[in-house]
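Heads up: the structure comes next, in structure tokens.
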There are 2 protein chains.
Amino acid sequence: MGDKYDRLKICNQLCFPLYACSKEIVKRYKPYLDPIDLTYTQYITMMVVWEEKEITVKALGDKLFLDSGTLTPVLKKLEQKGYVKRSRSKDDERNLIITLTKEGEDLREEALSIPGKMGKCVNISPEENKTLYELLYKVLGSFEEDED
Amino acid sequence: MGDKYDRLKICNQLCFPLYACSKEIVKRYKPYLDPIDLTYTQYITMMVVWEEKEITVKALGDKLFLDSGTLTPVLKKLEQKGYVKRSRSKDDERNLIITLTKEGEDLREEALSIPGKMGKCVNISPEENKTLYELLYKVLGSFEEDED
DNA sequence: CAAAATTAAATTGCGTACAATTCAATCATA
DNA sequence: TATGATTGAATTGTACGCAATTTAATTTTG
């Protein structure tokens, strides 16, 4: 009953629900991120800075799967808002070190309620959540393997 | 061993691997889409047009989870390349009808090999693929429910 | 040690995404 | 049936996201 074009149907793609789901979830962060004046990209960047306190743009990019073309303007914006400091490494002037400021530290408290609120917004069971999480990391992992 | 900030860790988010995975897969389409001069957004748009032959921008947006702000320039580009025609509906002048052209039809043949090539690039088993697919649509479905 | 290669950020240019607004067409209803 | 509400696209403005290039610092090697 299927013709040769079936595999080109949108409903037969894995990438499409991934793409759509990602966008829809990011969109749903907005109401929770607006009050603390962060975009989604700025939020995940702050998440890493909150954990590391100090990190290079390179390391940040590796963790977030983002390059300097994306990160440079994001980090300049975060510096402008006072949440991070940008300074060259003394060891190697090529490296830009991102440091968490006091204001950035304070913002962490305000962000603390966001994961819980978002969790409620994704209507799947804890087991399904875990399965989804693991499969996504499996795919991501398989990508990192075949990078020369 | 965990502190109150654990839930703000990037590794404890479901959204992050979703966001990263989506971007990485889209990036991996590029080598296959470049030869037929389509971007990923143009490709998924063409997928729907190939299936429907004729569809309004509204319906296209509902299927792709994209609004007119994104679709208008994409469709103008596809028209410019000769793959679709844009014309107002006679029934209701508010509706813009997207129609597949002969060139667009021909492009379908060239795109036929892409899903197979991409499939090989995602290193998970068919069962895992199915599970992932279903979970993603479950999340997407739960989003559509709570839209007023 | 000097030239060549590599590396990390920044820059440039293009194409999304999406919120918010505008505009024109159609619909609902008083 | 006039008019207020709704609808579908387009427009505007902001923020990514990434390929490709540039620049400066460091490392490799001849």
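Hydrogens, waters and symmetry mates are skipped; everything else that's a heavy atom, side chains included, is used. Convention: sequence-line order gives letters A, B, ...; per-chain numbering from 1.
Tracing side-chain contacts under 4.5 Å through hydrophobic residues (I, L, V, M, F, W, Y), one reaches B:L18 starting from A:I124; they form part of the same cluster. Linking Ile, Leu, Val, Met, Phe, Trp and Tyr whenever their side-chain heavy atoms come within less than 4.5 Å puts B:F143 and A:I114 in one cluster. Follow the hydrophobic side-chain contacts under 4.5 Å out from A:I97 and you never reach A:I55; the two are in separate clusters.
When the C1' atom of C:dT16 is taken as reference, atom NZ of B:K77 falls 11 Å away, rounded to whole Å. At whole-Å resolution of the value, CG in A:L33 and P in C:dC18 are 15 Å apart. Look at CG on A:D67: it is 13 Å from P on C:dA8, rounded to the nearest Å.
In terms of modelled atom types and a separation under 3.5 Å, the side chain of B:K58 and the main chain of B:N95 share no donor-acceptor contact.
The distance between the ring centers of A:Y19 and B:Y40 falls below 6.0 angstrom.
For the segment residues 37-48 of chain B, residues with any heavy atom less than 4.0 angstrom from an atom of DNA chain C are, sorted by number, B:T39, B:T41, B:Q42. Within residues 78-92 of chain B, the residues approached by DNA chain C to less than 4.0 Å at the level of any non-hydrogen atom are B:D91, B:D92, in residue-number order. Of the residues in residues 93-101 of chain B, those with a non-hydrogen atom less than 4.0 angstrom from any atom of DNA chain D are B:R94, B:N95, B:L96.
Among residues two or more places apart in sequence or in another chain, the salt bridge (Lys or Arg N to Asp or Glu O under 4.0 Å) test is passed with B:R86 by B:E79. Legend: residues meeting salt bridge (Lys or Arg N to Asp or Glu O under 4.0 Å) with B:E110, ordered by chain and number and at least two apart, are absent. Residues that satisfy the salt bridge (Lys or Arg N to Asp or Glu O under 4.0 Å) test with B:K90, not counting sequence neighbours, are absent from this structure. Judged as a salt bridge (Lys or Arg N to Asp or Glu O under 4.0 Å), and not counting sequence neighbours, the contacts of A:E128 are B:K138.
For the pair B:R28 and B:C121, the tightest heavy-atom approach, listed with the atom from each and the gap, is CD-SG, 3.4 Å. In terms of heavy-atom proximity, A:R94 sits nearest to A:R88 at O-NH1, 2.8 Å.
Counting only residues at least two apart or on different chains, the salt bridge (Lys or Arg N to Asp or Glu O under 4.0 Å) pairs with a member in residues 30-40 of chain A are A:K30-A:D34, A:D37-A:K81. For the salt bridge (Lys or Arg N to Asp or Glu O under 4.0 Å) condition, the pairs that include at least one residue of residues 8-22 of chain B, sequence neighbours left out, are B:D6-B:K9.
Both A:G69 and A:K30 lie near DNA chain C, and the one whose nearest nucleotide falls closer to the 5' end is A:G69.
A close approach under 4.0 Å does occur between a side-chain nitrogen or oxygen of A:K23 and OP1 or OP2 of C:dC18. Put simply, A:T72 has a side-chain N or O that comes within less than 4.0 Å of OP1 or OP2 on C:dA10. Distances shorter than 4.0 Å separate none of the side-chain N or O atoms of A:K58 from OP1 or OP2 on C:dA9.
Side-chain contact between A:L136 and B:L132 is present, with heavy atoms from C-beta onward closer than 4.5 Å. Within the 4.5 Å cutoff, side-chain heavy atoms of A:L112 are placed close to those of B:K4.
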For residues 67-74 of chain A, tabulate all N or O donor-acceptor pairs below 3.5 Å that involve a side-chain atom, not counting sequence neighbours.
unit_1	atom_1	unit_2	atom_2	d
A:D67	OD1	A:G69	N	3.1
A:D67	OD1	A:T70	N	3.1
A:D67	OD1	A:T70	OG1	3.4
A:T72	OG1	A:S68	O	2.9

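Backbone-only engagement by A:L66 is indicated by non-hydrogen atom pairs under 4.0 Å involving sugar-phosphate atoms exclusively. Among the protein residues, A:V26 comes within range of no part of the nucleic acid, since none of its heavy atoms lies under 4.0 Å from any strand.
Comparing the axis of the opening five pairs of the helix from C:dC1-D:dG30 to C:dA30-D:dT1 with that of the closing five pairs yields an angle of 10°, rounded to 10°.
Taking every nucleotide of DNA chain D with any atom under 4.0 Å from a non-hydrogen atom of chain A, the first and last of them, 5' to 3', are D:dA15 to D:dT26.
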